[in-house]
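Worksheet for the structure shown next.
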2 protein chains.
Amino acid sequence: MSNSQPATIEDVARIAEVSIATVSRAIHMPEKVAKSTRLKVNQAIAITGYTPNAMARSLRLGRSNMILVVAPDIGDPNFSSILVGLENEARAHGYGVLIGHTQNDAQRGLEYLKFFNSNQAAGMILFTGILPFGHQTLTARLPPTVGVFEPVFNGGIPYVGVDDVEGARKVVDLLISEGHRRIAFIGDSHTRLAYGRRRSGYEAGLAAAGLPVNRQLILEGDGTVESGRLALEQLFMRDDLPTAFMCVNDQTALGVTLGLKARGYDIPQDFSVTGFDDVPQAGFMSPSLTTIRQPRTAIGKHAMALLLELLSDRAPSETEILLRPDLVIRNSVGPPPPRR
Amino acid sequence: MSNSQPATIEDVARIAEVSIATVSRAIHMPEKVAKSTRLKVNQAIAITGYTPNAMARSLRLGRSNMILVVAPDIGDPNFSSILVGLENEARAHGYGVLIGHTQNDAQRGLEYLKFFNSNQAAGMILFTGILPFGHQTLTARLPPTVGVFEPVFNGGIPYVGVDDVEGARKVVDLLISEGHRRIAFIGDSHTRLAYGRRRSGYEAGLAAAGLPVNRQLILEGDGTVESGRLALEQLFMRDDLPTAFMCVNDQTALGVTLGLKARGYDIPQDFSVTGFDDVPQAGFMSPSLTTIRQPRTAIGKHAMALLLELLSDRAPSETEILLRPDLVIRNSVGPPPPRR
DNA sequence: AACCATGATGTAAACCTTTACATCGGCGAG
DNA sequence: CTCGCCGATGTAAAGGTTTACATCATGGTT
């Protein structure tokens, strides 16, 4: 039964007493083979436990049914649920998913690019906001690619994510409606498109309320906990404090929260803090964090659907899909303290 | 330069004015080819931008240089750093890493098994404490495999992880030295070997201190936040409280902490809580969590080294590698309250 | 001077598929 | 009865490698 070598199509053919061509057809174009033969073949497959050799198959075909998902950091709390969406959609269409982990190392990114020479993958999903290889000349020879979660910096790449501008807008609007007038934006960035969009939403919200945009209250950050803590320290050094901290993501908000608590302040009594993304830990923070929910599995699903559309080279119906962000109100926002 | 089709070995041969055999040798057995030819070949490779077709290669060779890493949940906070260790070691030996995500679905596990028929992967790292496919007959035809982080339930599979017994022992010893006598163990499990081992350490510690093992204080759990919260409620319903909660992992400890805080208790003034694993969030919890550090990248490194040893079918030097667990003392442990 | 070992290179088979093309038999129409 | 067509199946090539074996030239030994 289970010999040392995996069964090949030839083993099946021998047992079914047909040619290998017929076996192949019985598998891939069943309607082209007589019912009785089909039966024999299926029995033979069951007997041998044959599964087609994927490498030989895609060598012959010149294409594979694998999609490469490239992420700089597998540990990103947003990644896992997006992956689930990607995988489910992929498998529903007969595709599989490989995960590539670049650790922000262009060298590694390049290695994954080789996958496409060998047809080891047919397309690529980019979880990084940037092309994962240094600025090679090869922009031309890029495989079909879709960005998720964060628009791809180098431009021109279809993208699926949440509507960052509107999400940020919802946050500022909430803060303003609570009575805040001095709202800091923590985590501005020139390189991360998503953060830039969130900042636009922030500014739009202020403008709509007739509030000035105070450049002193906009601090840079890279979305890490540490960056939040750091920005907070800078603000305290300047002694020109806001009443609310609108953070570019939940990690940053955690940093701000920790810093504030370390200084002995209470949230939301003394200051309000908001995040963005609603990572799994957001509900467990103390206080639990008011933030924007990312529809993560939906993002994954749409992104994969878009990529498969690209692969079937029907012209893709759209090139940027923006999903609706939902505000999640928890306990980190309150009215500003009476005076300061 | 960059035509539409990727360059093949034949293109290189033509340009270098040698046969394809020589090109292949120049790449894989450079000492077998004259220095002058080697030079020509290398130039031709540079000109064409040739990279070998990995599929054709492993089709011919009957083996690949990819290692499949199977995890039920990519989002597990322990996974990412272990992966880094695995990857670094793999690439140092010319191997690459593929990540398989099973979502605890045996069907998916089986699909990954097909990788080995096609030689898409040469070996497998199991991050799940269990064989990721239902109980197939195929235990015999298992590819070279190493478990990480959690011993593999179905037995006989080499394993690299932390010494759970000793780690747990360090935790109880700490609690006992603080003066605790009634210590609950949250997260016992029949199916998760690591948890069983941690419980052994717990019992050993109690025994060494001459304390009784109270079965009422040992609660089941599956390592989720929710399981921690649940176990806590059970204890409160029984009205027979411990002074310290030793949790099987950090997530469980988070659940216990949240439950305790919801009931208005202070940690560590009213109760002490400990975790295990030192996940990245442990330091950010409030209070910050006293726990056991997993040497995650080291685990990955050793596991991959062991697997590569297995692959080279030198008999592996050892079949279980246990790394030293370190106690990380933070702020969730204190002496028990004066009376109760 | 004849021979052989040695080193460098080329030829062709094999790995496992898929599929264009050929073959074959049967059946309906003329 | 013959022809042509159609459906079912088989034959063989192709896809890009690696490598056993063959070939060839060179230089040293006898």
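Just the heavy atoms: all of them, side chains too, but no hydrogens, waters or symmetry mates, feed the values below. Protein chains get the first letters and strands the later ones, always in sequence-line order, with residue 1 at the start of each. Note that this is a predicted model, so its numbers are computed, not measured.
At whole-Å resolution of the value, CD in B/E17 and C1' in C/dA8 are 17 Å apart. Between B/L59 atom CG and C/dC16 atom P there is a gap of 7 Å when expressed in whole angstrom units. The distance between atom CD1 of B/I9 and atom C1' of C/dG10, rounded to the nearest whole Å, is 13 Å. Atom CE in A/M55 sits about 12 Å away from atom C1' in D/dG16, given to the nearest Å. Distance, B/R57 CZ to C/dC16 P: 17 Å, rounded to whole Å. Between the CD1 atom of B/I20 and the C1' atom of D/dT17 there is a distance of 8 Å, given to the nearest Å. When rounded to the nearest whole Å, the span between CG of A/N119 and P of C/dT17 equals 17 Å. Nucleotide C/dC16 holds its P atom 7 Å from the CG atom of A/N53, rounded to whole Å.
Heavy atoms from other residues, nucleotides or ligands lying under 6.0 Å from CD of A/E320 number more than 12.
Checking D/dA12, C/dT17, D/dG16 against the side-chain heavy atoms of B/T8 singles out D/dG16 as nearest. Closest contact between the side chain of B/V18 and the listed nucleotides D/dT17, D/dT11, C/dG10 involves C/dG10. Candidate nucleotides D/dG16, D/dT19, D/dG10 were compared by shortest atom distance to the side chain of A/S19, and D/dG10 ranks first.
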N/O donor-acceptor pairs under 3.5 Å from side chains in residues 69-76 of chain A, not counting sequence neighbours:
residue: A/D73; atom: OD1; partner: A/G75; partner atom: N; Å: 2.7
residue: A/D76; atom: OD1; partner: A/N78; partner atom: N; Å: 2.7
residue: A/D76; atom: OD1; partner: A/N78; partner atom: ND2; Å: 3.3

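Summary of the strand contacts: A/R63 and A/A56 both lie near DNA chain C, and taking for each the nucleotide with the nearest heavy atom, the more 5' one is attributed to A/A56.
B/S58 places no side-chain N or O within donor-acceptor distance of the main-chain N or O of B/S64, the cut-off being under 3.5 Å.
The CE atom of B/M304 sits 14.0 Å away from atom CD1 of B/I299, with the distance rounded to the nearest 0.5 Å. Here the straight-line distance linking atom CG of A/N65 with atom CG of A/L311 works out to 11.0 Å at 0.5 Å rounding.
Sorted by residue number, the members of residues 23-41 of chain A with any non-hydrogen atom under 4.0 Å from DNA chain C read A/S24, A/R25, A/H28.
Among the atoms of the strands shown, only primed sugar atoms or phosphate atoms (P, OP1, OP2) are found under 4.0 Å from some heavy atom of A/L61.
Between B/E17 and B/K40 there is no salt bridge, since no side-chain nitrogen of the basic residue lies less than 4.0 Å from a carboxylate oxygen of the acidic one.
Within the structure, ring pair (Phe, Tyr, Trp, His ring centres under 6.0 Å) pairs that include any residue of residues 76-101 of chain B comprise B/F79-B/F127 (at least two apart or interchain).
At least one side-chain nitrogen or oxygen of A/T22 sits closer than 4.0 Å to the OP1 or OP2 atom of D/dG10.
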